[in-house]
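See below for the structure under consideration.
Protein chains get the first letters and strands the later ones, always in sequence-line order, with residue 1 at the start of each.
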Amino acid sequence: MNFNSALKWEKMTNGAAVVAFWFVVLTTIGVIAYIFMQGISGISWNFIFEMPVNRGIEGGIWPTIVGTLWLTLGTFAVSVPLGVMSAVYLTEYAEKSFAIRLINLAVVNLAGVPSVVFGLFGLAFFVLFLGFGSSLLSASLTLGIMTLPVVVTATREALVAVPQSYREAAYALGATRSQTIVTHVLPYARPGIVAGTLLGLGRAMGETAPILVTGVAVALPRLPSGFNSRFMALPYHIYIAATQIPGMPKERVWAAALTLLFLVMCLNAAAGLLRERNR
Amino acid sequence: MSVKSREIMSIENLNLKFDSTHVLKDVSLSIEKHRVTAIIGPSGSGKSSLLRCLNRMVDLTPTSKTDGAVYFEGGDILSCDCDEVKLRQNIGMVFQKPNPFPRSIYDNVAYGPRLRGVKDRSQLDEIVQRALKGAALWSEVSNRLEDSALELSGGQQQRLCIARSLAVRPQILLMDEPCSALDPAATTRVEDLISQLRNDITVVLVTHNLQQAARASDYTAFLLGGELVEFGETEDIFTNPQDQRTDDYVTGRFG
């Protein structure tokens, strides 16, 4: 290849990269802008904070927002303590054996299991076998289990990134292993753990399939009364509103989608901020 | 000279293996109280490994296997019933690269005492001040104890790490090439500090810098390929070595 054709090739690959970049940026902006423009006219105080009337054709979506927030909280409560502790075990305590490598591989693969499969598991195990019924509890546990591999993976990556020299410094001062982990390794890894966890929660927040079979309700004109009650949730509400309810004004569907997008983006922005601050 | 009475640690026929690699071979060495003992030798001769046996840091490498004995305070620290956590409170360690915790200067020094359960603020203040003075850092940081330790220069960070070790009041301080990441000016300060430290504690210093060993130590041990070639007073090692290999090494013919 002579110099001129090399230069040409260089220009072409450069150009292709730039085009791909703008394609991605514009699609993302386009999607968000489209949802925003379609939905913003439906957003109002009453829409956000009132109970649905007439299967959601009138009134507001308050129970779906509350349901989604409770669900996210439940998912957090299930996945974070379990996930962080098992990641600590895997990285800090377990011997580097074949079995541990296998478990790590399994955890990574678990993150790739389709969410509807988790939903069916939740239906079989939490709803029926353990008898938790169609409830916020069953759905939270299901989403929690689904989010677990994300939390474990994020925590492991954050823990592995803690320099060995800091662990040694703590040990050399007479810290025990658990003291080293609690006072030292975990605080150092915390921004990474939190950022990864928030991304996992953001995904859980937008899931429809796992809650579909474990407790979400089509329409409930009241807030969930506890973890044993059924609930409404934004993603499922959007699906129902868009496809199952004749006469549903389109801007109300888009407004609900915009609300969900806003909540998820809040979580992702928090994750991004933490990652930035960690740097 | 009654050498035995001043001995604080005695290493006897110490062997160390990582898997099948024989890192230390039958090393026997006596560490004198309130003296600086330097361990010199080329890279890979087992200097750092030897040091890491003395506070059981070598345990952190799962493949390691020790054999022989290291007597300290009447017990063999290599035996299973020795509590390595307590041991490390008595035998501190300073590492090659300064590794302050990403916290404030104060919290770095207070870390060890706090592990021990010291909570009283005035007591902690006193410990921190004493340790920082002991590490010749107090005058530079006394008005910014709450600043992050990572804002200090490399030399200051290393002295902070020394202060952090001193705060636990160890009897022995193990130093693993403490100046290798420092510039000459900072190195001089740390070397001066090592000389002062011997008034209160015992120092075992691993260094690849022969001048440093000559300047800062009272005794020198020369390791080669995991074997202790020669051990004696520093002056003798450098001016009148008994072994040809020691002579070759200290005069710069190899290593």
Side-chain angles (χ1 to χ4, degrees), chain A residues 84 86-104 154-196 273-279, chain B residues 48 51-52 54-63 83-103 107-118 131 149-150 157-158 160-176 178 181:
Chain A
V84 169
S86 52
V88 164
Y89 175 75
L90 284 173
T91 43
E92 304 290 324
Y93 285 94
E95 304 270 330
K96 304 277 172 283
S97 66
F98 179 71
I100 293 300
R101 291 232 304 276
L102 214 62
I103 289 172
N104 283 331
T155 306
R156 280 193 54 222
E157 273 166 16
L159 290 176
V160 168
V162 178
Q164 186 62 20
S165 67
Y166 289 137
R167 292 192 180 82
E168 290 190 341
Y171 286 131
L173 291 167
T176 63
R177 191 189 292 231
S178 60
Q179 281 172 331
T180 305
I181 292 168
V182 172
T183 64
H184 217 81
V185 176
L186 280 177
Y188 191 95
R190 187 171 49 207
I193 296 173
V194 174
L273 269 179
L274 279 162
R275 193 159 284 177
E276 207 52 43
R277 228 182 47 187
N278 187 25
R279 215 166 267 169
Chain B
S48 293
L51 203 66
R52 291 168 72 89
L54 306 186
N55 67 344
R56 295 262 305 256
M57 284 300 263
V58 75
D59 290 4
L60 297 182
T61 313
T63 54
D83 175 0
E84 75 259 28
V85 169
K86 231 184 194 130
L87 178 74
R88 288 174 192 151
Q89 293 167 18
N90 277 319
I91 305 180
M93 188 170 217
V94 174
F95 297 83
Q96 200 165 347
K97 254 180 71 188
N99 55 357
F101 300 135
R103 303 179 179 193
D107 287 344
N108 262 277
V109 184
Y111 182 76
R114 275 179 177 147
L115 284 179
R116 223 86 332 118
V118 181
L150 302 180
Q157 287 188 7
Q158 194 62 304
L160 178 66
C161 292
I162 294 171
R164 188 174 61 185
S165 301
L166 294 180
V168 191
R169 308 211 100 183
Q171 298 185 50
I172 304 181
L173 188 59
L174 309 174
M175 304 177 102
D176 188 359

Is [X] close to chain A through its backbone or its side chain, or both, or neither, when contacts mean heavy atoms under 4.5 Å?
X	result
B/Pro100	backbone
B/Val168	side chain
B/Leu174	neither
B/Arg116	side chain
B/Leu60	side chain

Residues B/Arg52 and B/Asp176 bridged, charged N to O under 4.0 Å: no
Chain A contacts, top residue of B/Pro102, B/Ser165, B/Gly112 (heavy-atom pairs, under 4.5 Å): B/Pro102
Top contributor to chain B contacts, counting heavy-atom pairs under 4.5 Å, from A/Pro163, A/Ser165, A/Pro187: A/Ser165
Residue pair A/Glu92 / A/Arg167, side-chain heavy-atom distance below 4.5 Å: yes
Side-chain heavy atoms of B/Phe101 within contact of A/Thr183, under 4.5 Å: no
Test item: B/Arg88 side-chain N/O and B/Asn55 main-chain N/O as donor-acceptor pair under 3.5 Å: yes
Greater than 12 external heavy atoms within 6.0 Å of B/Arg103's CZ: yes
Greater than 12 external heavy atoms within 6.0 Å of A/Gln164's CD: yes
